[in-house]
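Working notes for the structure below.
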Amino acid sequence: MYQERKINDDLYWVGANDRRLSVFEGVFAIPRGVSYNSYLLFDEKTVLMDTVDRAVQGVFFENIEHLLKEKDCTLDYIIVHHIEPDHCAALPELILRFPEVKIIGNALTIKIIKQFFDFDVESRALIVKEGDTMSFGKHSFTFYMAPMVHWPEVMISYDSASQILFSADAFGSFGAINGNLFADEVDFEHEWLPDARRYYANIVGKYGVQVQAVHKKLVNLKISMICPLHGPIWRENIPWYIEKYHLWSTYTPEETAVMIAFASVYGDTANTADILAGKLAEKGIKNIAMYDVSVTDSSQIVAEAFRCSHLVFASTTYNMGIFIKMEETLLDLQKHNLQNRDIALIENGSWAPTSGSLMKKLFDELKDIRYIAPTLTLHSALKESQLAELEALATTIAESIKQSRAKSFNHE
Ligand code: FEO
């Protein structure tokens, strides 16, 4: 049964949700599910914006076929903003059902469609490039290339009649749409922002420069609505969300806050991390985030590292290296190009502690990393004799946070 939603008189959401998939793209835990958004425009021509993942294509086809029947239309065009299979896996089936449909994409889109599929793409392809405009009646779309946000062929489009931006993966979020299609219908800041941040940091966090390039193209557009390929649609408070993207893509900490991530085999490194957190709290630091990397999806730590200004990593030494779960997490952070953070390290090792120097080596490859204190070295467990050292580390971190807050307050 169809479940499409009306956005305005001409535009419908025809996507679908998946709440059964536990790992998106084979890597990111999605306990709140995910939506695959697709949009259908009715004008002199009928235009579909993207398709959905194969897993949910049944309801997607029910949606579009129901609407086309109701309005006595056929499908004229599909715009492929992004050829990644979570948005184009239903394309071959679409071509079977609507053989006359024309495919609008850029040259790279068309090339990659041919790599994925065997149907006749060439005879249906309409190639657009940066700044091209196509009219479908009263709605006229302008296309802007958005390479590497998230794949190289990504493009976004702007409908000047309705001032709607179809933003592809940009401004998307993990999380299924639970009836409320619009971001202003949910408590986005508290219920959705952590997943939107996690989506940004892990999907496009590496490509801040490219996100900034797209940001510049949008500056002069009057945007009434943002329709992304995942998560809620934006029609209110749009500058607030764009500002989040600006912070994330410039690797500016979203908050002056501390995250402590630890790896502990028998609990001694964890104990030290807990004592440090307690000392920070006693020094007035609030909202301390703490994660055991052994039981935390690394996408969560990547997201929190994009949020927080101060990061503490505490790891035991294992096989003469960084404990494997911490090493995986730090490599993930490194691959996502994290920059501009204040860092403190704690290492543990019963006979040859090396995790501190190895963690530092990983961070040394990132830009604008500041080590705010010498690495604290534990030998098996924290002893009374090292409490003063831990106290000094807590004081340094707390002072650094307070100075950062004072600096940002003075710049407001
Ligand atoms: Fe939602 Fe890059 O695909």
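First listed ligand is number 1; within each ligand, the first listed atom is number 1. For reference, positions follow the sequence shown, starting with 1.
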task = Please check if the distance between the ring centroids of F166 and F141 is under 6.0 Å.
result = yes
message = Restricting to under 2.8 Å, identify the protein N, O or S atoms around atom 2 (Fe) of ligand 1 as residue plus atom.
response = H82 NE2, E84 OE1, H150 ND1, D169 OD2
message = Could you identify the N, O or S atom of H230 positioned closest to atom 1 (Fe) of ligand 1?
response = NE2
task = Answer with yes or no after comparing the ring centroid distance for Y241 and W234 against a 6.0 Å cut-off, counting only values under it.
result = yes
Partner residues of K325 under the salt bridge (charged side-chain N to carboxylate O under 4.0 Å, His left out) criterion, sequence neighbours left out = none
inquiry  = Tell me every residue that passes ring-ring contact (aromatic ring centres under 6.0 Å, His included) with Y266, counting only those two or more places apart in sequence or in another chain.
reply    = none
Taking only distance into account, with no hydrogens and no angle test, what donor-acceptor pairs under 3.5 Å do side-chain atoms of residues 79-91 form with protein atoms, sequence neighbours excluded?
| from | atom 1 | to | atom 2 | distance (Å) |
| --- | --- | --- | --- | --- |
| H81 | ND1 | D50 | OD2 | 2.7 |
| H81 | NE2 | S157 | OG | 2.7 |
| H82 | ND1 | E153 | OE2 | 2.7 |
| H82 | NE2 | E84 | OE1 | 3.1 |
| H82 | NE2 | D169 | OD2 | 3.1 |
| E84 | OE1 | H150 | ND1 | 3.0 |
| D86 | OD2 | H230 | NE2 | 3.1 |
| H87 | NE2 | D169 | OD1 | 3.3 |
| H87 | NE2 | H230 | NE2 | 3.1 |

request  = Measure centre to centre between the rings of Y199 and F28, then say whether the value is under 6.0 Å.
outcome  = no
